[in-house]
There are 2 protein chains.
Amino acid sequence: MRADARRNVEGIRRAALDVFRTGGLTTPLDEVAKAAGVSKGTIYHRFGSRTGLIDAVVEELVAERLTAIIEAVEAVDGPLLRFEEYLLRTWLLQFDEPAANDVLMRVLPESEPLTSLFERSCHFGRRLLYEAQAAGVVRADITPDDLAYLILERGVIARACDQQTRDDYRRRLDFVLRGLRAVRT
Amino acid sequence: MRADARRNVEGIRRAALDVFRTGGLTTPLDEVAKAAGVSKGTIYHRFGSRTGLIDAVVEELVAERLTAIIEAVEAVDGPLLRFEEYLLRTWLLQFDEPAANDVLMRVLPESEPLTSLFERSCHFGRRLLYEAQAAGVVRADITPDDLAYLILERGVIARACDQQTRDDYRRRLDFVLRGLRAVRT
DNA sequence: TAACTTCTTGACCATGCCATCAAGTAACGT
DNA sequence: ACGTTACTTGATGGCATGGTCAAGAAGTTA
């Protein structure tokens, strides 16, 4: 690999991290190209396809955030609070970071790195759901599929309703959480 | 107006009702044209613009459904059930009819007929919210804006998550409704 | 420095949509 | 039956995007 090629690959990676971070994984590649100071053709030549580029950066782009959530949530006491903290932090991440949202929404179902990241978060959440249900603190009729949908739904909303303030978005999350709790007997 | 023109206007209206009903108000006009057996140019000539066509059919397309909800809900007993029935029926309508969903999502904020329809449903819901809050049966911190968002959110979801079955969609609505109820003291 | 290979470029094609308009067609009145 | 006028057509331009490739630029090596 020639020196300029190596330089460009690195530049494109960095530009992609930057652009995808703020705009999500579906940002036009021309913007990445512009940010990297190369032409769109170079990106295709180096990474094969849009997916190729995403695969090359998504881990670095998102893994940290998901890990941070898992760690923070592990430290919370009590199955209900833990489950709710997981959802809350995930939902806020979806609002704050379009790229992470794209991962959680499975925007590219074919991509292996994306799937892997998604599964990591999903399995963790599923465990928390089971534990909370076993403790009788959340509704027993919530399925793992429902959990996935709760996250997918929020992703769709975060994407589409982007004029709402973070505070309003946050406040409304409480309504949803409240609806998942077990009914008092 | 010549006979063929009159015939075409009627044909286009009917085709639009048909096509918009199943595909929503953002369906490409070519499909309406094809269904009406005319060319796209004719639609523009007769209705001026896409919005013009929508304005000409949206009342007939959607008003009936919204009215049906209002009437059915008026007959329900109790402020909580009434409020929940309104949301439930509205949410299901959003799932079942893309065109009604487009109205409730304010897809064309400029269109007067659309706005009028939207307001009709919205005011009714707001009244139910007030009554339910006055009776202490739903959370007091829900604002009229929140109500609008609850509907907008569902619209976005109905659009984007179209592979889920109606039954699953319906079942998940219960979670949301539950979260809106007043906390028992 | 000159030949050779790698690399980059940006014009290009394709898709899908909205919207327009000159030119052709068909209804209507006499 | 014919001229007039209303009407329709579909080819056309515009825009935004994904993706490709021949030709030219630039680095590498002897």
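Letters go in sequence order (proteins before strands), and every chain restarts at 1.
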Name the residue closer to the 5' end of DNA chain C, choosing between B/R6 and A/V9 according to the nucleotide with the nearest heavy atom.
-> A/V9

Hey, is B/D146 close enough to A/R172 for a salt bridge, meaning N to O under 4.0 Å?
-> yes

Could you go step by step and tell me if A/R154 and A/L104 meet the side chain to side chain contact (heavy atoms under 4.5 Å, CB included) rule?
-> CA-CA 10 Å; A/R154 234 64 225 170; A/L104 293 168; over 6 Å; no

Atom CZ of A/R14 with >12 non-hydrogen neighbours under 6.0 angstrom | no

Are B/D174 and B/R170 close enough for a salt bridge, meaning some N to O gap below 4.0 Å?
-> yes

Atom-to-atom span, CD of B/E31 to C1' of C/dG16 - whole angstrom | 12 Å

Atom pair CD (B/Q164) and OH (A/Y149), whose distance is rounded to the nearest 0.5 Å = 4.0 Å

Are A/T42 and A/N8 close enough, and set up right, to give a side chain to side chain donor-acceptor pair (under 3.5 Å), and what steps lead you there?
-> CA-CA 8 Å; A/T42 305; A/N8 279 335; 5.5 Å; no

In whole angstroms, the gap separating P of C/dT6 from CZ of A/R7 amounts to 18 Å

Starting at atom NZ of B/K40, determine the distance to atom C1' of C/dC17, rounded to an integer number of angstrom.
-> 8 Å

Would you grab the first and last nucleotide of DNA chain D (5' to 3') that comes under 4.0 Å of any non-hydrogen atom in chain A?
-> D/dT17 to D/dT28

Rounded to whole Å, the CZ-P distance (A/R2 to C/dT9) equals 11 Å

A/K34 with A/E31: basic N within carboxylate O range, under 4.0 Å = no

Checking B/R139 against A/F175: charged group under 6.0 Å from the ring centre and within 45 degrees of the axis?
-> no

Under a 4.0 Å heavy-atom cut-off, which of residues 43-50 of chain B touch DNA chain C?
-> B/Y44, B/R50

Please state how far atom CE in A/M1 lies from atom C1' in C/dT6, giving the value in whole angstrom units.
-> 11 Å

Regarding the side chain of A/T42, the nearest nucleotide among C/dC7, C/dC18, C/dT8 is C/dT8

Do NZ/NE/NH1/NH2 and the carboxylate oxygens of A/R6 and A/E10 come within less than 4.0 Å?
-> no

When you measure from the side chain of B/D30, which nucleotide among C/dA27, C/dT8, C/dC18 comes out closest?
-> C/dC18

